Amino acid sequence: MRAAILWVLVTGGLFGCTKDPVAPEFASPSATITTLFTTYDLADVPQTEIRRRFEAGERFKLLNPTLFQSCFSDWQGEHDEGLGGFVFGQLVVAKDELVIEVDEDVARVRPKHGPEDLPPVLLVRQDAGWKIDLRQSIPAEIRQRLYEVNRRARRVERQAR
């Protein structure tokens, strides 16, 4: 009987309580941010070039929407595209000057020389790794404006059909 209990405890500890390994893309806050940049093929592009593209009004093309969405802890659907784009823009424009502060299971990311009134981008540690929390990273009034832009775009799209 003791041997059976011991076997259950040992095998339960070895097999039943193990977590899946975290993907390297989300192993740390900086890895998640790099993954976000990778979805636009900008991980290796210097910040000066990214700023030049912003100033020239160039668009950034999302190459991997599935990976992009997996960077966020609270992605709920296509209506979150504007929120994701906002966070992406906030981070990529300062990609070589980001300051990451980690406090247990929460990381705060902000540009070294960014506006003080904009809250930091928050990442939370989950079983799947570090993910960006959209709703905690964007002020409520900006979130509402982005949702309204999305609603208008969808309405125009439906009317055009």
Side-chain angles (χ1 to χ4, degrees), residues 17-154 156-157:
C17 298
T18 59
K19 292 183 180 178
D20 291 332
V22 171
E25 295 89 351
F26 305 109
S28 68
S30 61
T32 300
I33 292 167
T34 299
T35 300
L36 183 68
F37 298 156
T38 299
T39 66
Y40 285 88
D41 197 24
L42 295 173
D44 297 324
V45 176
Q47 177 179 314
T48 53
E49 173 60 15
I50 290 170
R51 285 190 176 166
R52 185 202 65 74
R53 291 179 189 180
F54 264 115
E55 290 168 4
E58 292 181 27
R59 294 184 58 125
F60 296 91
K61 181 159 176 53
L62 180 60
L63 303 175
N64 190 334
T66 303
L67 184 59
F68 177 80
Q69 293 169 14
S70 68
C71 290
F72 302 98
S73 66
D74 54 344
W75 188 273
Q76 295 176 358
E78 73 178 25
H79 63 278
D80 283 340
E81 289 172 0
L83 302 183
F86 181 87
V87 168
F88 166 76
Q90 185 180 347
L91 293 173
V92 78
V93 76
K95 74 180 282 272
D96 298 334
E97 300 174 342
L98 295 174
V99 176
I100 302 172
E101 298 170 352
V102 179
D103 183 21
E104 303 216 5
D105 292 338
V106 176
R108 290 168 181 75
V109 183
R110 65 180 57 224
K112 188 175 188 179
H113 305 290
E116 295 295 320
D117 60 335
L118 203 57
V121 172
L122 291 181
L123 287 90
V124 292
R125 185 185 345 227
Q126 302 178 322
D127 289 344
W130 287 91
K131 304 291 181 125
I132 298 166
D133 187 319
L134 282 172
R135 283 149 189 84
Q136 294 293 324
S137 298
I138 302 173
E141 62 276 2
I142 293 174
R143 263 194 334 264
Q144 292 308 314
R145 280 189 258 155
L146 291 169
Y147 283 141
E148 183 57 34
V149 167
N150 182 276
R151 279 192 290 275
R152 286 185 195 148
R154 298 295 172 233
V156 168
E157 200 175 84

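The model shown is predicted, which means the values in this text are computed figures rather than measured ones. Values below: all heavy atoms of this structure, side chains included; hydrogens, waters and symmetry mates excluded.
Taking each heavy atom of Arg135 and Arg143 in turn, the nearest pair found is O-NH1, 2.7 Å. Val22 approaches Gly129 most closely through the heavy-atom pair CG1-CA, 3.6 Å. Of all heavy-atom pairs spanning Asp103 and Arg108, the tightest one is CB-NH1, 4.4 Å. Closest of all the heavy-atom pairs between Leu122 and Gln136 is CD1-CB, 3.5 Å. Nearest heavy-atom pair, Pro119 versus Ser137, reported as atom, atom and distance to 0.1 Å: CG-O, 3.9 Å. The nearest pair of heavy atoms linking Ala27 to Ala31 is N-CB, 4.1 Å.
Rounding to the nearest 0.5 angstrom, the gap separating the CG atom in Leu118 from the CZ atom in Phe86 is 5.0 Å. The line from CD of Gln69 to CG of Leu62 is 8.0 Å long, rounded to the nearest 0.5 Å. Summarising the geometry, atom CZ belonging to Phe88 is positioned 6.5 Å from atom OG1 belonging to Thr39; distances are rounded to the nearest 0.5 Å. A distance of 7.5 Å separates OG1 in Thr34 from NZ in Lys95, rounded to the nearest 0.5 Å.
No side-chain heavy atom of Phe72 sits under 4.5 Å from any side-chain heavy atom of Lys131. Counting heavy atoms from C-beta on, the side chains of Val93 and Phe54 come closer than 4.5 Å. Contact annotation: the side chain of Trp130 never approaches that of Ser73 to less than 4.5 Å [non-hydrogen atoms, C-beta and beyond]. Here the side chains of Glu81 and Trp75 are in contact, with some heavy-atom distance below 4.5 Å. Using a 4.5 Å heavy-atom cutoff, the side chains of Leu67 and Ser70 are in contact. Put simply, the side chain of Ile33 reaches to within 4.5 Å of the side chain of Ile100, judged on heavy atoms.
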Q: Please test Arg52 against Glu58 for side chain to side chain contact (heavy atoms under 4.5 Å, CB included), starting from the C-alpha separation and ending with a verdict.
A: CA-CA 9 Å; Arg52 185 202 65 74; Glu58 292 181 27; 3.2 Å; yes
(Q) Does Arg110 form a salt bridge (charged side-chain N to carboxylate O under 4.0 Å, His left out) with Glu101? I'd like the steps, not just the answer. (A) CA-CA 9 Å; Arg110 65 180 57 224; Glu101 298 170 352; 5.7 Å; no
(Q) Show, in sequence, the C-alpha distance, side-chain angles and deciding distance for Phe37 and Ile50, and conclude whether the side chain to side chain contact (heavy atoms under 4.5 Å, CB included) test is met. (A) CA-CA 11 Å; Phe37 298 156; Ile50 290 170; over 6 Å; no
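With salt bridges taken as basic N to acidic carboxylate O contacts below 4.0 Å, one links Glu148 and Arg152.
If you run side chain to side chain contact (heavy atoms under 4.5 Å, CB included) between Phe68 and each of Leu63, Thr35, Thr38, Leu36, only Leu36 comes through. Considering Leu83, Leu146, Val121 in turn, Leu83 is the only one that fulfils the side chain to side chain contact (heavy atoms under 4.5 Å, CB included) rule with Leu134.
Other residues, nucleotides and ligands contribute over 12 non-hydrogen atoms within 6.0 Å of the CG atom of Asp96. Counting heavy atoms of neighbouring residues, nucleotides and ligands inside a 6.0 Å radius, atom CG of Asn64 exceeds 12 of them.
Applying the salt bridge (charged side-chain N to carboxylate O under 4.0 Å, His left out) criterion to Arg53, with sequence neighbours excluded, gives Glu49. In this view, Glu97 and Gln47, Arg51, Lys112, His113 satisfy the side-chain contact (heavy atoms from CB on, under 4.5 Å) rule, not counting sequence neighbours.
Judged purely by atom type and a 3.5 angstrom limit, Asn150 has no side-chain atom pairing as donor or acceptor with the backbone of Gly82.
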